[in-house]
Structure formats: structure tokens, C-alpha cells
S.K.: 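Starting off with a structure, shown below.
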Amino acid sequence: MEKLLNELPSSDVAAYTIKSDIKIDVKVPEHLKRSISLGLPSITENNLLRHFTNLSRKNYALSTVFYPLGSCTMKHNPLINERIVKSEAFNSIHPYQPTESLQGAFEIMYGLEKDLCELTGMDYFSLQQAAGAHGEFAGLLVIAKYFKSIKQSRTKIIIPDSAHGTNPASASLAGFEIISLKSESDGTVLPEKLKKILTSEVAAVMLTVPNTLGTFEKNILEISKIVHKNGSLLYYDGANLNAVMGIVKPGHMGFDVMHINLHKTFSAPHGGGGPGSGPIGVKSFLEPFIPIPRIEKNKSKFTLNYKKSESIGRLKSFFGNFHVILKAYIYIKALGGKGLVSVSEQAVLNANYMLARLRNKVDIPAGDRCMHEFVLSPKSLFRDNIKTLDVAKRLLDYNYYAPTIYFPLIVEEAIMIEPTETESKETLDTFIDILSKILFDEIIKEPQKIKEAPINTTVCRLNEVEAARNPILKWKKQ
Amino acid sequence: MNYISQNQKDKCDMLKVIGVNSVNELFDMIPNSLKVKKLNIYGEKTEQELLNYFANIALKNKIFVSFRGAGIYDHYIPSLVDEVIGRSEFLTAYTPYQAEASQGTLQTIFEYQSLICSLTGLDVSNASLYDGATAVAEAALLSLKVNSKKNTILISQALHPEYIQTIRTYLENSRAKIIMLDISLDGSIKESSVEAAVNNNDIAAAIIQSPNYFGIIENMQALSCVIKKSGALFIAVVNPISLGVFQAPGEYNADIAVGEGQVLGSPMSFGGTTLGFMVVKKSLEWKMPGRIVGQTTDKNGKRGFVLTLQSREQHIRRERATSNICTNASLNALAACVFLSGWGNHGFKNLAETNMSKAKYAFNKIKSLNGFKAKFKDAVFFNEFVIETKKNIKMINKILLKNSILGPLDLSGTSEFFKNCILFCVTEQRTKCEIDRCIKILSEI
Ligand SMILES: Cc1ncc(COP(=O)(O)O)c(C=O)c1O
């Protein structure tokens, strides 16, 4: 067990010190002064280095194991990205420097906006949003503002029940009411069903293509037609863009607004939970509404335009998560158009290969083909009270991170697998071998092993119920 | 460059297992009319070419000795911070959904939460939000949920302007109304102006920043009394390093403390990536947005950590979640954790005092220069201060830039009140020599 920081030996010489070359001269009136202890540990660099290094080794990470976490696109994070981002010229610039001294940063952002337009068939991009959900929120505010501008009252958003939880949460935050649409068993939307709930109050329909079961929305053109005929707009959740780069463009399918998760498709590492970046793309009739400031190019000079009277405004401070934006742009410049197409081709090939090795053996609600990911429903294989959670934990024992589980919500006991394009056939094969061993052998012969998993991790199965019932959310004061 | 590892034989074998003849067949459900012919994206660079390409772009960014803050600050980052956040085991992990395989991330977030609680004197911290601006906006939303019958949010006019804009965007389609609290002549928010505003009994929360956008330490204790008496929540927006010297939100009974965590070990990086922190009173924990890590035990009684109170979140609660946030700013929170763990109480206080002392040194010198004077004579400030000048501000900054100095922020555009005003920032990073050089240049303008 790794000690907590407040349990490590306290030292008189803490790891960091600074010395002021100006005399310390602080007179603070009593009523403004801090009177409680700071409660900060005092630990040597040596001990801290060991502490954090040892903790890092308790993580499974993409750099150590296969990480088939569906919907998260855990592809290799090229090292060159990190190297370039660390350069002083990208690290030590202040957002309020004069624009003439930030031309490099603007060139990157402007270049990325243009490349994303080409990739998606949208007309304009804003890079300000800090993650996918933030992008959804921005996109939905754009939609709200648009309808306000044409004086239509549309208060509802249709979202299939296979969608990610952020979709309804963002729509609600943007002031909309949510109509949940029951999707088919492969997660797709039936145009006739959609038609029935499309009223004049519907502002937009939010779709994920391919959807969260890894299926392409084959009726997308018809859906787009009936949505637009109804005067509503179509929103594209781009979390699954890794499946279709250079194959099909959301803009061509009829989507009016979309977001992209740069920390998924464009190789920026996820940092244990973030930061991310969630650019939004829109068709030109929505351009007046996207966040300010906008980067503009006049001749060869980049400037900032804050004067967009119809804009939804600002979604965060400064210019977005520049580091993530830069990593995405480096990645695009590494691959180029041709490389991006091969990414999607390989991602889809890898997923289909894994699926092919499991089909006819495990229920796959979306059928025998998929795009970049697929969802298993192994319920019929389960016995002795074994559940998907147990299978996931058992995979950890074999040194794999577990796939996404219990999502999408419409699949019982879901196991969602996304291999990405950067994994070798050998990795895919051995993973399927192990998963098969668990599902087809161990369940029958050694169910106890699965129920008791994991045993090879630094802790055994943790009690989540207890954690929520009796929350301990910080260490106790010494 | 390409990061695909399959060779031609692998691909053929895989196609055979799938039972198709070509990769194209895998996309045959996509209508032909929609298929892309060509992607016009330039690239295909090797690693070496990428280095050169971006080195050339980098030349178009300029680096200065900075006397500018206003939300993003040039602070010292200890070597250990980069070492730890550069560990690929932290860098390339996802959100710790599988707790047993993510104890590194989970324990460090737990430690981050503990350190932030300690620093602010409040009870419960989340695992981070996107940035300072969105953290304040989320705090406003939280208060509207708690005070569900009240509709007004009071906001200090001395809150960072981009935070104010962000709150406005977040509340655009909500029921909330915003009332701004005017800045008094001494640069702070007065109890009397809060008193006047809280009279209408409709206030869900009041948001006060200290040090405020103009560097001034507000009388948070006094403001808190007035705000809390009205039944409104008190949202304190604070600079964590200033808490080394100044009263903690827990001491003046704030309900929520939020702010920008960039100062805790993240580089300026053009304003992103940073983190937003949020700490609340125990009674508000179930209303908190974002991930929270809790301590528990495994079946052998061994201590471990998990994501907890998850039924607040979008993946379970969907449209009724406390927030839509999913991805946050975990790696920056890790940087903050490492940053806060190595100073000790004395060292951290010294860091805050060094900021104050250097800023004060610069302030005293600059205000006595010909053509410059203090805008707020008796104000207590941390590491930023406002100077009023008769000189041409554009000219001042142009000359400083020529000398590789990023000068004060021009506040002229803020309002009539700040005409001819500039906002200086002096952190521990500025040496006496740099400060003196800056002052000398100013004296010659
Ligand atoms: C389908 C889908 N939509 C939206 C999101 C939200 O993205 P983010 O976590 O970047 O906010 C995710 C990410 O988990 C996702 O998988």
C-alpha cells in the first residue's frame, strides 16, 4: 500500500524553496490574514519522487497495456506531440500578449480549423471548447440562438436512448427539454419512428454516427431530409469520428452542427481524465452564432475578432486548450489526408476482425459487422451470478485494461470494445484469446476466479457501495 | 508518419477471417453518393520534418519577461512537476473507470482533493473542472439548484471579465437573472452595495473574487456576513497562492470556493491547458459537478480509492445530472497535487509573501515615477496593482516589448473609471534586476 502524502515522513527541508532577492515586506491587516494552518505536507524531493513514481506504476495505461475502452479511442499517443508542445514558444506565452507576438499560435489554430473543415465538410470551426461535452453545450447554444434569431420557439431536442449521457445533460444545460427516442437493437434510428415525434417544437436531433453500438446510420440521408423538412437541425456527436475520416463527411450527410473530441480521434493523451478539447463545426448559416473571439486572417496576418453581435459569447477563458489543439495539429501534419483515411480503414478493419472472431459465440446486438467498435452482450453465457463487471475485472488479471462496460445503456450487460488502428494483429489475437478463455472456459470451470477478480492488481475488488454510503473524500487532518 | 502496425499479410489474413475481399467492403453500408473522393489535407511528415516545421511556426511566437497577469500567471514550476506529469502511466491513462487498475490516478486525485480542501479550509473538492471561468459558471448553476426558488445571481464587477462573460453564456437559457455589484472608488466591493442588492430576497448566490481582477484583496469576511444573512450562497473566487497569506474561504464561511488552478504548476501555455478547482461545504457535496474520488477498502480490508457519488453524473443521471462534464483537467490537477506537496507550510507562505513583496516593491517605485500614480492608494493587494498614467499606454507597452518585456495590461477599454489605467503583475519569477530594468524604462518614457 502506498502511503498518503500526509503519512510520509515530514522533513525540515521541503522539496521546493524559493529565495526572494527583495526584502520580504508584508503587512496584512489582521482581518484579512489567514489564521488557520495551511496543512501542507513538508516532504523531500527524494521521497516525493518515489511516492509519485510508485503511484504511477499502479496505473494501467496505454503506454503499458492494450486499452480497448470503447467510445474513448485509446490510440497510441505519438511522442513527438509531447516534445513539440514542451517548447518554450508554446509553453511560455501569455494569452494577453499582443497578437503580433502570437502569430505562431494563431497559425496553428487557424490551420487546424481549416483542416477540420476539410475533414468534416463543415464550413467553420471554433476551438474554444475544453472537451466533447463542452462542445455539445456550445453547439446546442448555437442552435438555440439560431432559432431565436429567426423568431421560432423550439424547445426540444430528440436524442436516441443509445446516446452518451453527456448529450441529454448538455441539452438540458442549454435550456432544452429532452425527448428520448427508442433506438433499434443496433442503435440506429428508424425514420418512421423519428417522424412520429418530430413536432414544430423540435429544435434539433442529436445523433452519433457511427452510433455507440458501432453501427453506421444507414438511413442518414432520409433522416436528414425529414429533420430539415420539419425545420429542425441535425447535430453530430463526433466522438466516433475515428471510424469515418476520409470515408464520409458529417457535413455531406446533412449535419448542421458537430463537435470533435481532439483527445480521442487526434491522438492527444487523456491524462487520466483530461484535459481535452472539443471543437465545434457549423454550416455557414450558423457562423454568426459561434463563440468569440474568432481568429481571422488578413493577408498573412492573424487577428482576433470580438465583434460578432449574434455570437453565443464565450464558453471559457482565453482561447481553448491550446496544448491539446497543438497536439491534434501535429498529428494531422504527421498523417496528412492519406494517412487519416488509412487510420479509419485500419480502425474499422481491426474492430471487424475482433468481432469476426467472436461472432456466433457471443450475442452481438448490432450484428456481424461494425465500424470502429462493437458491443457484446454476453448475458446468455453468464451463470453463477457472474456479470459483465466480473468479466471486466478478470481481464485486469490478464494485464488488459477492461473495455467500456454497461454502456450503451440499451444493451444488457454491455461490453464495448474499441481496438483503434494502432494495435497489432497479435495484440488483438491474444486479447480475444483471453476474453474467450474467460467467457467460454473460466465461467464454466472456474467461476469463483471470475467472481473474485482481480487478484493481480495492487488492490483487490474495491467496495464502491461503501465508498458512496460513507464518503471519505479527503485525508483526515494530522 | 503513420502509427499503424499491420503489414500487408496481417491485413489479408484479417479480411479472410471477416469474410470480405477488401477493406472497402467494410464500408459498403455507406451510400456511394456520400463517399469522399479525396481529402485535401497536407501532411505526411516524418518526426524530423515535424520538428522543423513546428520550430518554424514557433519562431512566430515571442517570449517575454512578463509583468502581465490578469488570470494567467508566470510562476515557478518545480522540476518534480514535469517529471511526474510526464510519466506515461499518468499521461496515457483514461478516466479511472476501472479502479483496481487505476490506483495511481485515483490516489493522486484523492490527494489533490485533500490538499485543495486544506488550502481553502472547505470540506469537499471535486477532481477538477475545465478552467477558472467554467468553475465559476458551474458554481452559479449549483447555487441555482440549491436555492431553487431564487433566480438572481449577484456578480462582482471586479470579477475577471472573461469569467463574467462565461457565466452569462452558461446562464443564457436558464431562469437566472444577473445583477452586477459596482466597484467602489477604492477598487473593492462594498458591503453597502451588496446590502442594497440582497434586499430583494431573490438572490441565489453572490460571486466575489479576491484578489479581484484589479489585484485588490476584498474584505471577504464583511461581505460574507451580508451575503449569508440574505440566505444566498457565497461563492468565493480565489487565487490559491494568495491563500498562503490571506484568509481562507472556510474562515470567512464561504459556501463554495472556485478558481483557476493554473498557478499551481501549469505553464501559461497561451491560457490552456489549465484547470478549474471547486470546493464546497459538506452539505453541498451531492450537488457538486464533476468527478469525485473517495476512499474505500478492498475485500481484504486494504485501503483503495474509487470514483464515487457517481449518481450525480451524466453517465447515470443523464439530463438530470448536476452537470454535463465528463472529461475534466485531470493531468493539470495532478500537476497541482505535485506542486502543493513539496513546499511545506512555511515554504508556501514564503512563496505568497515573495509575490506580495516583489509586487509591493515595484508598486512603490512605479507610483512615484513622474506621470504615474497609484489608482487605489490604500488598497491591500497580492501580486497585481493598478497604476494610472498620463503617458500614452500603447507607447509604454511598445517600448517595453522592444526591451523583451511584456508590460502591464491596458485597462482603458474596461470602463470610463479605468481610463488611463494599467494593471501590473509581479510574481516571484521576476528578479530585482528585471523589475529595476522595467522601472528604469518606464522612467525614461
Ligand atoms: C459518444 C460520446 N459522446 C460524448 C462524449 C463526451 O466527451 P468528453 O468526455 O470529451 O466531454 C463521449 C466521451 O466519453 C462519448 O463517448
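In what follows, chains carry the letters A, B, and so on, assigned in the order in which the sequence lines appear, proteins first and then strands, with residues in each chain numbered from 1. Only a predicted model underlies this, so the values are computations on that prediction, with no experimental measurement involved.
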S.K.: Is a side-chain N or O of B:E100 found less than 3.5 angstrom from the main chain of A:L396, in a donor-acceptor match?
M.R.: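 No, because the side chain of B:E100 does not come within donor-acceptor range (under 3.5 Å) of the backbone of A:L396.
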S.K.: Is there side-chain contact between B:T95 and A:H270, with at least one heavy-atom pair below 4.5 Å?
M.R.: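 Yes, close enough: below the 4.5 Å cut-off.
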S.K.: Please round to the nearest 0.5 Å and tell me the distance separating atom CE of B:M29 and atom NZ of A:K218.
M.R.: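 These two atoms lie 9.5 Å from each other.
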S.K.: Examine distances only and state if a side-chain atom of A:K58 and a backbone atom of B:A101 form a donor-acceptor pair shorter than 3.5 Å.
M.R.: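 Checked: no pair found.
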S.K.: Can you name the closest pair of heavy atoms from B:E111 and A:F52 and give their distance?
M.R.: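 B:E111 and A:F52 have their closest heavy atoms at OE1-CE2, 4.1 Å.
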S.K.: Of the non-hydrogen atoms in B:A93 and A:A61, which two are nearest, and what is the gap between them?
M.R.: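 Looking at all heavy atoms of both residues, the closest pair is N-CB, 4.1 Å.
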S.K.: Report yes or no: does B:N345 contribute a side-chain atom to a donor-acceptor pair with the main-chain N or O of A:L40 at less than 3.5 Å?
M.R.: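 Flag set: sc B:N345 to bb A:L40 pair under 3.5 Å.
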S.K.: Tell me, do A:Y60 and B:E89 make a side-chain contact under 4.5 Å, heavy atoms counted?
M.R.: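 The answer is no; the side chains never approach within 4.5 Å.
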S.K.: Give, for atom OH of B:Y130 and atom NZ of A:K316, the distance between the pair rounded to the nearest 0.5 Å.
M.R.: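 Reported value, rounded in 0.5 Å steps: 10.5 Å.
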S.K.: Using every non-hydrogen atom in the two residues, find where B:E285 and A:L473 come nearest and quote the distance to one decimal.
M.R.: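 It is OE1-CD1, 3.6 Å.
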S.K.: Restricting to non-hydrogen atoms, name the atom on B:P267 and the atom on A:H323 that form the minimum distance, rounded to 0.1 Å.
M.R.: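 Taking B:P267 first and A:H323 second, the nearest heavy atoms are CG-CE1, 4.3 Å.
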S.K.: Counting only N and O atoms by type, is there a donor-acceptor contact under 3.5 Å from the side chain of B:N173 to the main-chain atoms of A:F176?
M.R.: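 Flag not set: sc B:N173 to bb A:F176 has no pair under 3.5 Å.
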S.K.: May I ask you to check whether A:F407 and B:H315 place their ring centers less than 6.0 Å from one another?
M.R.: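 Judged by ring-centre distance (under 6.0 Å), A:F407 and B:H315 do not meet the cut-off.
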S.K.: Tell me if a side-chain donor or acceptor on A:E45 pairs with a main-chain N or O of B:L80 at a distance below 3.5 Å.
M.R.: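 Absent.
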S.K.: Would B:V23 and A:V348 satisfy side chain to side chain contact (heavy atoms under 4.5 Å, CB included), going step by step from the backbone distance to the final call?
M.R.: CA-CA 8 Å; B:V23 171; A:V348 171; over 6 Å; no
S.K.: CG/A:L462 to OG1/B:T297 distance, rounded to the nearest 0.5 angstrom?
M.R.: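 One gets 7.5 Å once the value is rounded to the nearest 0.5 Å.
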S.K.: Would you find a donor on one side and an acceptor on the other, under 3.5 Å apart, between the side chain of B:S357 and the backbone of A:D25?
M.R.: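 Answer holds: yes.
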S.K.: Any side-chain donor paired with an acceptor under 3.5 Å for B:Q98 and A:K393?
M.R.: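 Yes, because at least one side-chain N or O of B:Q98 sits under 3.5 Å from a partner of the opposite role on A:K393.
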S.K.: Quick check: do A:L119 and B:I41 have side-chain heavy atoms less than 4.5 Å from each other?
M.R.: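 With C-beta onward as the side chain, the pair touches.
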S.K.: Taking the side chain as C-beta and beyond, is there a heavy-atom pair between A:L32 and B:Q247 under 4.5 Å?
M.R.: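 No - every pair of side-chain heavy atoms lies 4.5 Å or more apart.
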S.K.: Can you find a pair of side-chain heavy atoms, one from B:Y53 and one from A:I84, that are under 4.5 Å apart?
M.R.: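 Result no, sub-4.5 Å side-chain heavy-atom pair not found.
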S.K.: Look only at the side chain of A:E118 and the backbone of B:N40, and say whether a donor-acceptor pair between them is shorter than 3.5 Å.
M.R.: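 Confirmed, A:E118 side chain pairs with B:N40 backbone.
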S.K.: Is there a donor-acceptor contact under 3.5 Å from the side chain of B:T169 to the main chain of A:G313?
M.R.: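 Checking the backbone N and O of A:G313 against the side chain of B:T169, no donor-acceptor pair under 3.5 Å is found.
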S.K.: Looking at A:L38 and B:K349, what are the two nearest heavy atoms and their distance?
M.R.: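 Looking at all heavy atoms of both residues, the shortest contact is CD1-N, 4.3 Å.
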S.K.: Less than 3.5 Å apart, any donor N or O on the side chain of A:N350 or B:Q6 sitting next to an acceptor on the other?
M.R.: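 The criterion, which ignores hydrogens and geometry beyond distance, is satisfied for B:Q6 and A:N350.
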S.K.: Classify the side-chain pair B:T105/A:N59 by whether it contains a donor and acceptor separated by less than 3.5 Å.
M.R.: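 Yes, side-chain donor-acceptor contact under 3.5 Å.
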S.K.: Report, as yes or no, whether the 6.0 Å neighbourhood of atom CZ on A:R57 holds more than 12 heavy atoms from other residues, nucleotides or ligands.
M.R.: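 At most 12 heavy atoms, drawn from other residues, nucleotides or ligands, come within 6.0 Å of this atom.
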S.K.: Please tell me if the side chains of B:L401 and A:S101 come closer than 4.5 Å, counting only heavy atoms from C-beta onward.
M.R.: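 B:L401 vs A:S101: side chains apart.
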S.K.: Rounded to the nearest 0.5 Å, how far does CZ of B:F348 lie from CD1 of A:I18?
M.R.: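 Answer rounded to 0.5 Å: 10.5 Å.
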S.K.: Taking all atoms of both residues into account, what is the closest heavy-atom pair of A:S56 and B:R87, and its distance?
M.R.: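 Result for this residue pair: OG-NE, 3.1 Å.
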S.K.: Counting only heavy atoms not in B:H346 (residues, nucleotides, ligands), do more than 12 fall under 6.0 Å from its NE2?
M.R.: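 Atom NE2 in B:H346 is not packed in, count stays at 12 or less.
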S.K.: Does the A:Y67 side chain pair with the main chain of B:Y94, one donor and one acceptor, at a distance under 3.5 Å?
M.R.: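 Between the backbone of B:Y94 and the side chain of A:Y67 there is a qualifying donor-acceptor contact (under 3.5 Å).
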S.K.: Is it the case that the side chains of B:T92 and A:N77 hold a donor-acceptor pair, with the cut-off being a distance below 3.5 Å and no angle test?
M.R.: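 The criterion, which ignores hydrogens and geometry beyond distance, is not satisfied for B:T92 and A:N77.
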S.K.: So, taking the atom named CG in A:L349 and the one named CD1 in B:I18, what distance separates them when rounded to the nearest 0.5 Å?
M.R.: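 If I round to the nearest 0.5 Å, the distance is 5.0 Å.
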S.K.: Would you sort out whether B:L34 and A:I220 count as a side chain to side chain contact (heavy atoms under 4.5 Å, CB included), showing the intermediate values?
M.R.: CA-CA 10 Å; B:L34 285 177; A:I220 187 61; 4.1 Å; yes
S.K.: Please evaluate residues B:K62 and A:E100 with respect to the criterion side chain to side chain contact (heavy atoms under 4.5 Å, CB included), reporting the C-alpha separation (whole Å), side-chain torsions for both, the decisive distance (0.1 Å), and the verdict.
M.R.: CA-CA 9 Å; B:K62 301 277 174 290; A:E100 305 83 63; over 6 Å; no
S.K.: Is any side-chain heavy atom of A:V28 closer than 4.5 Å to one of B:I217?
M.R.: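 When only atoms from C-beta onward are counted, A:V28 and B:I217 do not touch, as no gap falls below 4.5 Å.
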S.K.: Establish, from distance only, whether the side-chain atoms of B:S114 and A:N6 form a donor-acceptor pair under 3.5 Å.
M.R.: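 Per modelled atom types, B:S114 and A:N6 side chains form no pair under 3.5 Å.
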S.K.: When rounded to the nearest 0.5 angstrom, what distance separates CD in B:E251 from NZ in A:K33?
M.R.: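 Spacing of CD (B:E251) from NZ (A:K33) equals 12.0 Å.
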S.K.: State, with a plain yes or no, whether a side-chain heavy atom of B:C117 is found less than 4.5 Å away from one of A:W475.
M.R.: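 No, side chains not in contact.
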S.K.: Has the side chain of B:S5 got a donor or acceptor atom that lies under 3.5 Å from a matching backbone atom of A:S424?
M.R.: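 Side chain of B:S5 to backbone of A:S424, a donor-acceptor pair under 3.5 Å: yes, one is there.
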S.K.: Is the B:Y170-A:F137 ring centre distance short of 6.0 angstrom?
M.R.: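 So the answer is yes for these two rings.
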S.K.: Assess the residue pair A:L55 and B:F90 against the criterion (side chain to side chain contact (heavy atoms under 4.5 Å, CB included)); give the C-alpha distance rounded to whole Å, side-chain angles, the decisive distance to 0.1 Å, and a yes or no.
M.R.: CA-CA 9 Å; A:L55 281 177; B:F90 285 129; 4.2 Å; yes
